[in-house]
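Please read the structure below before turning to the comments.
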Amino acid sequence: MNRAYDHRAIESKAREKWEYLNLSVTDLSDKTKDPYYLLVEFPYPSGDMHIGHWYAFAVTDIYARMLRARGKNVLFPIGFDAFGLPAENAAIKHGVDPKDWTYKNIERMRTQLKSMGASFDWSKEVIACDPSYYKWTQWLFTKLFEQGLAEHKEASVKWCPKDQTVLANEQVMDGCCERCGTEVEEKTLTQWFLKITQYAERLLTGLNTLPWREDIKEAQRAWIGKSDGATLTFMIGDLSVDVFTTRPDTVFGVTYLVLAPEHSALENLPIENKAEVDAYIAKTKTKTERERSENKEKTGTQLSGVMAINPATKEEIPVYIADYVIGSYGTGAIMAVPAHDDRDLQFALKFNLPICPVIARAELGKEIEDNPRLAESLRESCIQSGVAIVGDGILFNSGEHSGRSNKVAMWDIVDAVGGKRTTSYRLRDWLVSRQRYWGCPIPIVYDPKGEPHTIPPEHLPWKLPTDVDFTPTGESPLASSVELRERVTRIFGDGWTPEYDTLDTFVDSSWYFNRYLSTDNEHSFSDDALMKKWLPVNRYSGGSEHTNMHLLYARFFTMALYDIALSPVEEPFIERFNRGLIMGPDGHKMSKSKGNVLNPDEFVEKYGADAVRVYLAFIGPYNEPGNYPWNLDGVAGMRKFLERIVSVIERKEDVEVSEDLMRKLARASTRISSDGDRFKFNTAVSALMILLNEFESAPKIPILAVRDFVCMLAPFAPHLAEALWETLGQEGSVHVAEWPVYDPDLLQSAVSVVAVQVNGKRRGVIELPKDSSEDDAILEAKKISAIENALNEQVLERVIYVPERILNFVTRP
RNA sequence: GCCGGGAUGGCGGAAUCGGUAGACGCAAUGGAUUCAAAACCCAUCGCCGCAAGGCAUGAGAGUUCGAGUCUCUCUCCCGGCACCA
């Protein structure tokens, strides 16, 4: 390695200089420049930075630096999402205080983040577990409570037996805990929920206004899961049971009713039916096991003697309970149409229930009128194939609606049976209470009657007690705190009790980007005027794993705050970029068990932070969430690139910049800017490399040209660029120098290179003065023998000439 | 199963509007240098072919003077949802 490039000395010196010049502190009130809020997801302080952290922060930093050079007032803040399970687990395992563990890690991560040369504004640092921050998490929770958006209710919830806490729906992946991978259990518990479902429609329509990648928007749409349909009422004696259906047009084909085993109507049934329900529940395995089982064989039990009336046909139909009906979706009950729904058909075949088709394909024409035979043949085909008849057609066996298109008749049928239009969402309310210690205490106390009350603002922050036994028991650790109980009695009186659960850490991170604007504010969670100026966030860079968690929660929070005039915007983030994943050298995801985990520190030590930054920028497009294998030789290659730059700069001479070189600089400058705007740092680096190749082959290297080159290099390799800036005898820091811009005319080249084709196949290339006519081009092209020969043999039919691009001779033999 | 995104050399990738496919880098090969090696430097580097030339962007068709790019059919890979009525 080139000893002239001592990256250790260069990097520490540059960092000292930036610190001294106070370069990355943003004046939020500055009126002279355009504000640009560049946000990157704040990290959990796990203690060791891996390559993923580098990829997240170092590459986003390139853009922050580039925008500053281009004259923007860039807010590029950092903080720590510092509540969470690892701290508590460390406490249980090693007996350390979770707070000490967390703050020690934060200290370490600060050093590491600085070692990347990341230009974060540390003066605006936010730490989620600090009382000065969680005071406002609590205050916002009380605001949501006042709006009726926070609710203490009993519900069937997911429980992680390993972490000994409940989880939000979003935190269950394939039936397992998102954190630890343990299979989750289902429990009925009274928990705190934030009513995100009230915002389902707005979360959905809001997506249409956002310029996000389609895959991110689609994932959120699927998670919200909107279905338009109708609620129809079925009578069971005097008892009415509502069902939700997207196919009310098939109601004449309903042959039985199914309720979820936990359906509330079951409580009003005779004792012998309740026994049937209990027996069924006991027989079936726990719900999660059922959900995960490969074998999706349907189970169910008929409620003996219980009959419902089909509101369309007025016929009696049997009533079943079955767990293929989900209690928490729709109304928890369905009307079963085995002829037109695969799941109902499976169930009907198993329990030998009638199958009654009511829609036939329109092509069948007159045959549809002959319905006894048609019904029989369609029923037969369902039984044979096990596949229901889906899709649209003509109704039959549907009373006065027979003969009509099912789509057209659908809402008339709803009216006829006294139903109403309904929309259902797959999204469930966000379960935010956790039976864990290291989280934000829920700012709630219960009066002697057990009614919840918010803790008044003068008692916020509602401090996390320290006299707590962390050992997980399934009970909230805060329940062991004497201090907390005494505090509640002291402030609220005898018989009042604390809430012992803490908040999901996703609540902490749902609003942190507001806090960066006013970190020291003791009177407000943010600052009105600055929020108006800086929000929404211009660009948010993060990981795709947060698409249906953090990104959804933060949108919900912002909308809820907007509705009570606490946020000036409804959508928090304009642009969103999900970065890709850095894989191990073997192309697999890095994991300790595979032994393919790379420690970035080794590479930084050996090749320097700049080489690692440039490598990560160059590895692939940052705007596409692909998987990029870490190439061990790749970093060395980038080191070589930087060394070549050092050598070239040594050759600088005080000569004039030729027009040709000026054009090349101009082209590189526009290219790098526009690639940066699209987060395509790979091609931006390539533009720098092309420029370097140009310098290397030039007989003389003008000092002004390399000066501009160093400016363009600065966002990518900030430390080296700073050192070279000094070598060039420039004043101040390269990072306050303006981005080089050139006369736009330079982007037009004087000569154009035109490809010559015969029938679309390339036969040669000609160089023409710019603005040459078609005749000039043809004349020039005919000098190429291959063209001449081809044209002599064939009849010229037409000529296509696209100036500066292509000249195509179209011939006929 | 449904929805979304993809597929380009040995590898990562480039081609911004339908106009010279393979930029830039890695790896590889040959040379130069060296006592020797590493590093550095020069050259080659999609496939077939001595060459002329032909064939090439997952497969097949289509539109077009011209298709990696547009349309249709299919295959495979990645991601999301999944007993959501």
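Just so it is clear, the structure is predicted and the values come from calculations on it, not from any experiment. Letters A, B, ... mirror the listed sequences (proteins, then strands); counts begin at 1.
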Q: Indicate the ring-plane relationship of A:Tyr324 and A:Phe347, choosing parallel, tilted or perpendicular according to the 30° and 60° boundaries.
A: tilted

Q) Just how far, in rounded Å, is P of B:G80 from CG of A:Leu204? A) 19 Å

Q: Compute the centroid of each ring, for A:Tyr622 and then for A:Tyr55, and state whether the two points are separated by less than 6.0 Å.
A: yes

**Q.** Nearest-neighbour nucleotide for the A:Lys761 side chain, B:U20, B:C55, B:G12 considered
**A.** B:C55

Q: Classify the nucleic acid contact of A:Val337 as base, sugar-phosphate or nothing, counting any heavy atom under 4.0 Å across all strands shown.
A: nothing

Q | Minimum heavy-atom distance A:Asp215-A:Pro625, with the two atoms named | A | OD2-CG, 4.0 Å

Q) Reckon A:Asn808 touches a base, only the sugar-phosphate, or nothing at all at heavy-atom distances under 4.0 Å? A) base

Q) Is it the case that A:Arg613 places NZ or CZ above or below the six-membered ring of A:Trp54, under 6.0 angstrom from the centre and within 45 degrees of the axis? A) no

**Q.** Given B:C41, B:C81, B:G19, the nucleotide with the shortest approach to the side chain of A:Ile800
**A.** B:G19

Q.
Would you say the ring centers of A:Phe681 and A:Phe618 fall short of 6.0 Å from each other?
A. no

Q) According to the Watson-Crick and G-U wobble definitions, with both distances under 3.5 Å, which nucleotide is paired to B:C76? A) B:G6

Q: Considering only atom C1', compute the distance from B:C40 to B:A32 and round it to an integer number of Å.
A: 11 Å

Q: Write down the partner of B:U44 under the Watson-Crick or G-U wobble criteria, each distance required to be under 3.5 Å.
A: B:A28

(Q) Side chain of A:Asn693, heavy atoms from C-beta onward: which of B:U20, B:C24, B:C83 has the nearest atom to it? (A) B:C24

Q) Out of B:A14, B:C65, B:G5, which has the shortest distance to the side chain of A:Glu214? A) B:G5

Q. To the nearest Å, how far apart are A:Asp633 CG and B:A28 P?
A. 7 Å

Q: Would you classify A:Met335 as touching base, sugar-phosphate or nothing, given that sugar-phosphate means primed atoms plus P, OP1 and OP2, and contacts are heavy atoms under 4.0 Å?
A: nothing

Q. Which part of the nucleic acid, if any, lies within reach of A:Pro625 when heavy atoms closer than 4.0 Å are counted: base, sugar-phosphate only, or nothing?
A. nothing

Q: Answer with yes or no after comparing the ring centroid distance for A:Phe603 and A:Trp630 against a 6.0 Å cut-off, counting only values under it.
A: yes

Q. Base of B:C17 relative to its sugar, syn (within 90° of 0) or anti?
A. syn

(Q) Taking any heavy-atom pair under 4.0 Å as a contact, classify A:Phe244: base, sugar-phosphate, or nothing. (A) base

Q: Rounded to the nearest angstrom, tell me the gap between atom CZ in A:Phe716 and atom C1' in B:G25.
A: 15 Å

Q. Just checking A:Lys640: base, sugar-phosphate only, or nothing, at a heavy-atom cut-off of under 4.0 Å?
A. sugar-phosphate

Q: Between B:G22 and B:A38, how far apart are the C1' atoms? Round to whole Å, please.
A: 32 Å

Q. Which nucleotide in the set B:G4, B:C17, B:G80 lies at the smallest distance from any side-chain heavy atom of A:Asn548?
A. B:G80

Q.
Can you confirm if the aromatic rings of A:Trp430 and A:Phe193 lie within a centre distance of less than 6.0 Å?
A. no

**Q.** Nearest-nucleotide comparison on RNA chain B, the residue closer to the 5′ end among A:Asp344 and A:Ser686
**A.** A:Ser686

Q. Under 30°, 30 to 60°, or over 60°: which ring-plane class applies to A:Phe679 and A:Phe577, parallel, tilted or perpendicular?
A. tilted

Q: Provide the distance between the two P atoms, one in B:C81 and one in B:U73, to the nearest whole Å.
A: 27 Å

(Q) Between A:Asn759 and A:Thr811, is there a side-chain donor-acceptor contact under 3.5 Å, judged purely by atom types and distance? (A) yes

Q: Take A:Arg671 and A:Ser424, find for each the nucleotide of RNA chain B with the closest heavy atom, and name the residue whose nucleotide sits nearer the 5' end.
A: A:Arg671

Q.
Between C1' on B:A38 and NZ on A:Lys606, what's the gap in Å once rounded to a whole number?
A. 12 Å

Q. Using the P atom in both, what is the distance from B:U57 to B:G46, to the nearest Å?
A. 16 Å

Q) With respect to the phosphate group of B:A85, does any side-chain polar atom (N or O) of A:Ser227 fall under 4.0 Å of OP1 or OP2? A) yes

(Q) Suppose you measure atom C1' in B:C47 against the same atom in B:G10; what distance do you get, rounded to whole Å? (A) 13 Å

Q. Among the nucleotides B:G19, B:U16, B:C65, which one has an atom lying closest to any side-chain atom of A:Val810?
A. B:C65

Q | Whole-Å gap separating C1' (B:C11) and OH (A:Tyr615) | A | 10 Å

Q | Polar side-chain atom of A:Asn808 near backbone of A:Gly760 as donor-acceptor pair, under 3.5 Å | A | yes

(Q) My understanding is that a pair needs two contacts under 3.5 Å, Watson-Crick or G-U wobble. By that rule, which nucleotide pairs with B:C81? (A) B:G1

**Q.** For atom CD of A:Glu797 and atom C1' of B:U64, their distance in whole Å
**A.** 14 Å

Q. So what does A:Lys680 hit on the nucleic acid, given a heavy-atom distance under 4.0 Å: a base, only sugar-phosphate, or nothing?
A. sugar-phosphate

Q: Write down the distance separating the P atoms in B:G58 and B:G54, rounded off to the nearest Å.
A: 22 Å

Q: Could you tell me the separation between the CD1 atom of A:Ile321 and the P atom of B:C83, rounded to a whole number of Å?
A: 19 Å

Q. Closer than 4.0 Å, any side-chain N/O of A:Asn631 to the OP1 or OP2 of B:G25?
A. no

Q: Check every strand shown and say whether A:Arg428 touches a base, only sugar-phosphate, or nothing at a heavy-atom separation below 4.0 Å.
A: base

Q) B:A52 and B:G6: how far apart are their C1' atoms, nearest whole angstrom? A) 39 Å

Q.
Starting the side chain at C-beta, find the nucleotide from B:C83, B:G4, B:C81 nearest to A:Glu218.
A. B:G4

**Q.** Pairing nucleotide - B:U69, Watson-Crick or G-U, each distance under 3.5 Å
**A.** none

Q: Name the closest nucleotide to the A:Thr245 side chain, picking from B:C24, B:A85, B:C65.
A: B:A85

Q) In whole Å, what is the span from the CD1 atom of A:Ile672 to the C1' atom of B:U16? A) 16 Å

Q.
Please classify the glycosidic conformation of B:G79 as syn (within 90° of 0) or anti (everything else).
A. anti

Q.
Using a 4.0 Å heavy-atom cut-off, does A:Arg221 contact any base of the nucleic acid, only the sugar-phosphate backbone, or nothing at all?
A. nothing

Q: Could you work out which one of B:A85, B:U20, B:G12 sits closest to the side chain of A:Val325?
A: B:A85

Q. Of all the nucleotides listed (B:A85, B:U16, B:C81), which has the minimum atom distance to the side chain of A:Ala222?
A. B:C81

Q: Pick the C1' atom in B:A56 and in B:G9, then give their distance to the nearest Å.
A: 10 Å

**Q.** No-H, no-angle donor-acceptor pair, A:Lys298 side chain to B:C83 base, under 3.5 Å
**A.** yes

Q) Taking only side-chain nitrogens and oxygens of A:Tyr324, does any of them come within less than 4.0 Å of OP1 or OP2 of B:A85? A) no

